[in-house]
Participant: 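Below you'll find the structure I mean.
Residues take their numbers from the sequence shown, with the count starting at 1.
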Amino acid sequence: MNTTVLGYPRIGAARELKHAVEKYWSGSSDATELEATARRLRAGTWRDLAGLDVVPGNTFSYYDQMLDHVELFGAVPERFRALGLSSLDTYFAMARGRDGVVPLELTKWFDTNYHYLVPELDKSTVFRLNPAKLVTELAEARDLGVELRPVLIGPLTFLLLSKSQDCEPLSLLDQLVEVYAELLGRLDVDWVQLDEPALVQDRTPAELDALRRTYDKLAALTDRPRLLVATYFGDPGPALPVLASTDVDGLAVDLVSAPGLIPQVAALPSLRRKTVVAGVVDGRNVWRTPLGDALSTCTTLLGSVGRLEVSTACSLLHVPYDMEVEDELDPRVRERLAFARQKVDEVILLGRALSSAEGVDVDLAKPAGGPVKESDLVRDQAVRDRVAAIRPDDRQRPPYDERREAQRSLGLPLLTTTTIGSFPQTADLRRTRADLRAGRIDEATYDERIRAEIADVIRLQEDLGLDVLVHGEPERNDMVQYFAERLDGFATTRLGWVQSYGSRCVRPPILYGEVSRPTAMTVPWTSYAQSLTIRPVKGMLTGPVTMLAWSFVRDDQPLPVTADQVALALRDEVADLVASGTRIIQVDEPALRELLPVREADRKAYLDWSVGAFRLATGGAPAAVQVHTHLCYSEFGAVITGIDGLDADVTTIEAARSRMEVLADLAAVGFRREVGPGVYDIHSPRVPSLEELTVLIHSALATTSAEQLWINPDCGLKTRGYAEVEPALRNLTTATQQVRATL
């Protein structure tokens with residue numbers, strides 16, 4: 001009974017990759033130092049996975065696995081080739097931009113908080129194999145005595161997630177499959193894993209036919225490794241029998257997110273001669289696996305498939321490294337958790353239980369103290385009663401026309417300028433928070449330093465000429481963690497880092513119980529900022545859906561119930577902000593698209609409860625209070641009706657990399673409220689020129705009236721430095737003033 005996982009974290013338990021990459025970007029280290037760090041991290045990963053029978057490889061990346069495949073297939077757009085850089089600097093230029101060249105578009109990896117870079121293809125694209133990275137890593141592992149199963153993104157998923165202006169990416173499939181065939185012929189390995197998560201989405205008959213042709217061709221190669229095709233994040237539906245009918249050697253299926261697959265897998269005769277990798281350990285959440293249930297699932301499949309292997313349901317990229325270092329967590333929460341290293345142990349234990357003649361007592365691995373849902377730790381009857389008492393009217397504000405008229409008293413100009421919320425998180429700010437945690441400074445000193453930073457940010461915004469200001473969020477370590485630390489029902493970690501994109505890492509909180517708000521969370525800082533200026537200052541909150549999407553959430557009650565609990569806590573904060581005199585309140589929902597189900601049939605129900613939670617959080621705001629929301633780095637077309645349903649007075653949205661595409665989608669659904677499409681891409685170190693910003697503003701005005709349009713960056717500025725932010729925002733306000741003068 002073989003054991004494996006589909007992938008593993010790559011940033012390093014102490015974020016070594018983040019620090020090494022950022023040192024290289026800053027010029028304080030060179031490529032040799034960066035590669036030395038990468039080798040150490042790869043070797044550490046293989047040590048962590050040493051107890052498995054099959055170890056995945058090619059899971060390391062300096063930035064993103066889709067970007068790695070752009071390089072692997074020689075699909076680098078010409079604007080990056082023309083820079084004449086080294087291969088490593090060309091790679092990073094595609095991710096971050098360079099010398100006036102805009103980077104590849106960034107968006108979410110299915111329904112996770114991981115972001116991938118979108119390949120740009122066209123009808124002239126010619127794929128050419130460039131396997132140096134993969135070959136090097138295989139050789140490294142062999143030198144350490146480790147044989148790897150290389151992991152590749154499958155050809156269907158690579159093309160279906162790509163973008164083209166002049167052709168359907170899938171029209172390039174035959175050419176791409178030839179390159180895959182060439183690669184398979186050059187790999188001296190036993191197995192290759194081809195990830196095809198796009199198959200769990202709705203696929204057309206033509207796409208399913210393309211799937212069959214692709215894997216018939218690859219399976220027919222005479223000199224190739226054995227092929228394992230992995231689907232995850234859901235049920236592959238009609239793609240499952242298509243794959244099973246080909247001569248691929250194995251299939252990996254996600255039995256955590258799609259337990260209904262179990263009887264389907266058992267019933268397919270063609271799987272009786274194939275390896276089936278059973279994904280029974282959750283790769284996306286941090287709760288310990290009910291090993292008895294997982295063992296029962298595996299036992300059900302024994303005898304129905306040619307060979308059964310035990311695995312995680314997807315890559316462990318989406319969870320932190322090691323729970324054992326989290327010694328500050330409440331023991332009653334900690335004993336229920338499994339991070340990546342513990343999940344590997346669970347897979348190994350299940351493999352032993354299934355293959356040992358004597359058997360293994362899996363009860364030893366069950367959480368102590370019973371299931372979470374039976375613990376007093378998670379129950380608060382007052383919260384449950386409040387949710388039960390929610391009325392439809394609680395999710396309604398006055399009609400928009402009435403609100404718009406009441407909000408004219410704000411006196412805002414056409415093309416109102418603002419930022420999304422955060423300003424750069426400097427080393428001094430991070431040191432101040434660390435000093436407070438370590439007891440080197442007291443609360444009074446901390447408050448004094450934060451107030452000084454807020455005052456500086458307010459003065460800077462006034463000098464830049466912004467119309468609606470923010471306090472800059474210097475007190476916030478993260479837009480979700482900050483609130484999780486102040487809400488009952490959440491726990492936070494010290495080292496539970498997870499990669500979001502590139503060098504950006506987050507520490508998702510753990511939502512384990514009933515959620516409530518003991519006291520006001522943002523009012524003192526917002527009120528102080530407003531006391532420093534006559535311009536309006538936005539109150540800044542993180543919305544209920546994003547709080548769920550960017551946390552590890554309890555799985556013992558429906559998500560809509562948990563979302564409403566968070567929404568009620570935020571509703572209380574909105575009420576306190578209004579009472580303090582705040583006239584503009586932004587409730588960010590950048591993750592609205594993220595939790596969208598992969599299948600169309602399930603989306604209406606999701607949008608109903610997610611939009612309902614937002615409206616519950618904001619429903620108590622009076623007509624004269626302008627409610628904003630913010631969404632970023634998503635494929636907005638899929639949730640366009642949801643964006644409209646939020647009923648926010650102003651919606652700020654990522655649009656710079658996609659060149660304002662979202663505005664046409666909003667116009668198509670008759671969007672009447674105000675919108676701020678981002679014109680400054682903050683995920684790149686580039687400072688956009690005055691001309692570039694002017695062009696984007698005019699582009700926005702082509703589909704949106706000046707009365708509706710706001711001008712702002714794509715997202716918060718915390719990850720950027722002031723050396724980039726100040727000139728970029730000055731160009732933004734100058735461009736806006738110039739366009740405004742022509743209206």
Side-chain angles (χ1 to χ4, degrees), residues 1-7 49 51-56 149 190-196 199-200 215 219 225-237 239-283 287-316 338 342-366:
M1 178 61 60
N2 277 354
T3 55
T4 190
V5 298
L6 298 190
L49 302 180
L52 296 169
D53 297 304
V54 183
V55 176
R149 179 187 67 220
D190 190 17
W191 283 88
V192 168
Q193 176 181 321
L194 293 157
D195 283 2
E196 292 283 13
L199 299 180
V200 305
Y215 284 98
R226 288 183 283 182
L227 303 180
L228 172 70
V229 181
T231 66
Y232 43 82
F233 301 150
D235 184 340
L240 179 64
V242 171
L243 276 172
S245 70
T246 69
D247 287 332
V248 298
D249 305 278
L251 299 180
V253 288
D254 181 345
L255 302 179
V256 174
S257 64
L261 278 174
I262 298 167
Q264 296 178 50
V265 169
L268 277 171
S270 53
L271 293 181
R272 292 175 186 165
R273 54 185 175 83
K274 298 184 189 297
T275 295
V276 170
V277 177
V280 292
V281 172
D282 193 347
W287 308 110
R288 294 177 73 167
T289 302
L291 292 177
D293 294 343
L295 185 62
S296 176
T297 294
C298 293
T299 303
T300 298
L301 294 176
L302 286 172
S304 299
V305 300
R307 180 180 178 84
L308 189 71
E309 295 189 3
V310 183
S311 177
T312 53
C314 64
S315 171
L316 293 170
Q342 288 73 47
K343 288 177 183 292
V344 171
D345 291 341
E346 290 178 334
V347 168
I348 293 169
L349 183 60
L350 284 167
R352 288 172 52 204
L354 286 160
S355 59
S356 170
E358 295 81 22
V360 172
D361 184 5
V362 297
D363 288 338
L364 295 176
K366 284 187 176 178

Participant: Should Val310 and Val280 count as side-chain neighbours, where that means a heavy-atom distance under 4.5 Å?
Facilitator: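 With C-beta onward as the side chain, the pair touches.
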Participant: Quick check: closest heavy atoms across Pro225 and Val192, and the distance to 0.1 Å?
Facilitator: CG-CG2, 3.7 Å
Participant: To the nearest 0.5 Å, what is the distance between CG (Leu255) and CG (Asp235)?
Facilitator: 10.0 Å
Participant: Any side-chain heavy atom of Tyr215 within less than 4.5 Å of one from Val229?
Facilitator: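 A side-chain contact exists here, since the closest heavy-atom pair is under 4.5 Å.
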Participant: Is the shortest side-chain heavy-atom distance between Val265 and Leu251 below 4.5 Å?
Facilitator: no
Participant: Working to the nearest 0.5 Å, report the span between CG of Asp282 and OG1 of Thr312.
Facilitator: 9.5 Å
Participant: Report yes if the side chains of Val344 and Leu49 come closer than 4.5 Å at any heavy-atom pair, otherwise no.
Facilitator: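 They are in side-chain contact.
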Participant: Please name the pair of heavy atoms, one in Cys298 and one in Leu308, separated by the smallest distance, quoted to 0.1 Å.
Facilitator: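 Of all heavy-atom pairs spanning Cys298 and Leu308, the closest is O-CD2, 3.4 Å.
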Participant: Measure from the side-chain N and O atoms of Ser296 to the backbone N and O of Gly292, and report whether any donor-acceptor pair falls under 3.5 Å.
Facilitator: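 A pair under 3.5 Å: no.
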Participant: OG/Ser245 to CG/Leu240 distance, rounded to the nearest 0.5 angstrom?
Facilitator: 10.0 Å
Participant: If you look at every heavy atom in Leu301 and Ala278, which pair is closest and at what distance?
Facilitator: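 That closest heavy-atom pairing would be CD1-CB, 4.4 Å.
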Participant: Evaluate the side-chain proximity of Glu309 to Val347: yes if any heavy-atom separation is below 4.5 Å, no if none is.
Facilitator: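 No, every pair of side-chain atoms sits at 4.5 Å or beyond.
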Participant: Residues in side chain to side chain contact (heavy atoms under 4.5 Å, CB included) with Thr299, at least two apart?
Facilitator: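 Checked Thr299 against side chain to side chain contact (heavy atoms under 4.5 Å, CB included); matches are Leu295, Leu354.
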Participant: CG of Leu261 to OG1 of Thr231: how many Å apart, nearest 0.5 Å?
Facilitator: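 Rounded to the nearest 0.5 Å, the CG-OG1 separation comes out at 7.0 Å.
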Participant: Could you state the interatomic distance from CG (Asp345) to CG (Leu52), rounded to the nearest 0.5 Å?
Facilitator: 9.0 Å
Participant: Can a donor-acceptor pair be found between the side chains of Glu346 and Thr289 at a distance below 3.5 Å?
Facilitator: yes
Participant: State, yes or no, whether a side-chain contact exists between Arg149 and Leu6 at a heavy-atom distance under 4.5 Å.
Facilitator: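 The answer is yes; the side chains approach within 4.5 Å.
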Participant: Is any side-chain heavy atom of Leu268 less than 4.5 Å from a side-chain heavy atom of Pro241?
Facilitator: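 Yes, side chains in contact.
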Participant: Which heavy atom of Tyr232 sits nearest a heavy atom of Val200, and at what distance?
Facilitator: O-CG1, 3.4 Å
Participant: Which value, rounded to the nearest 0.5 Å, describes the distance between Arg288 atom CZ and Lys343 atom NZ?
Facilitator: 10.5 Å
Participant: Between Trp191 and Gly250, what is the shortest heavy-atom contact and its length?
Facilitator: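 Where Trp191 meets Gly250 most closely, the heavy atoms are CZ3-N, 4.0 Å.
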Participant: If I compare all heavy atoms of Arg272 with all of Ser304, which pair ends up nearest, and what's the gap?
Facilitator: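 Result for this residue pair: CG-O, 3.1 Å.
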Participant: Between Leu243 and Leu199, is a side-chain contact (heavy atoms from CB on, under 4.5 Å) present by the stated rule, with each step listed?
Facilitator: CA-CA 10 Å; Leu243 276 172; Leu199 299 180; 3.7 Å; yes
Participant: Are Arg226 and Asp190 close enough that some pair of their side-chain heavy atoms sits under 4.5 Å apart?
Facilitator: yes
Participant: Assess whether side-chain contact (heavy atoms from CB on, under 4.5 Å) is satisfied between Thr275 and Asp249, documenting all intermediate values.
Facilitator: CA-CA 6 Å; Thr275 295; Asp249 305 278; over 6 Å; no
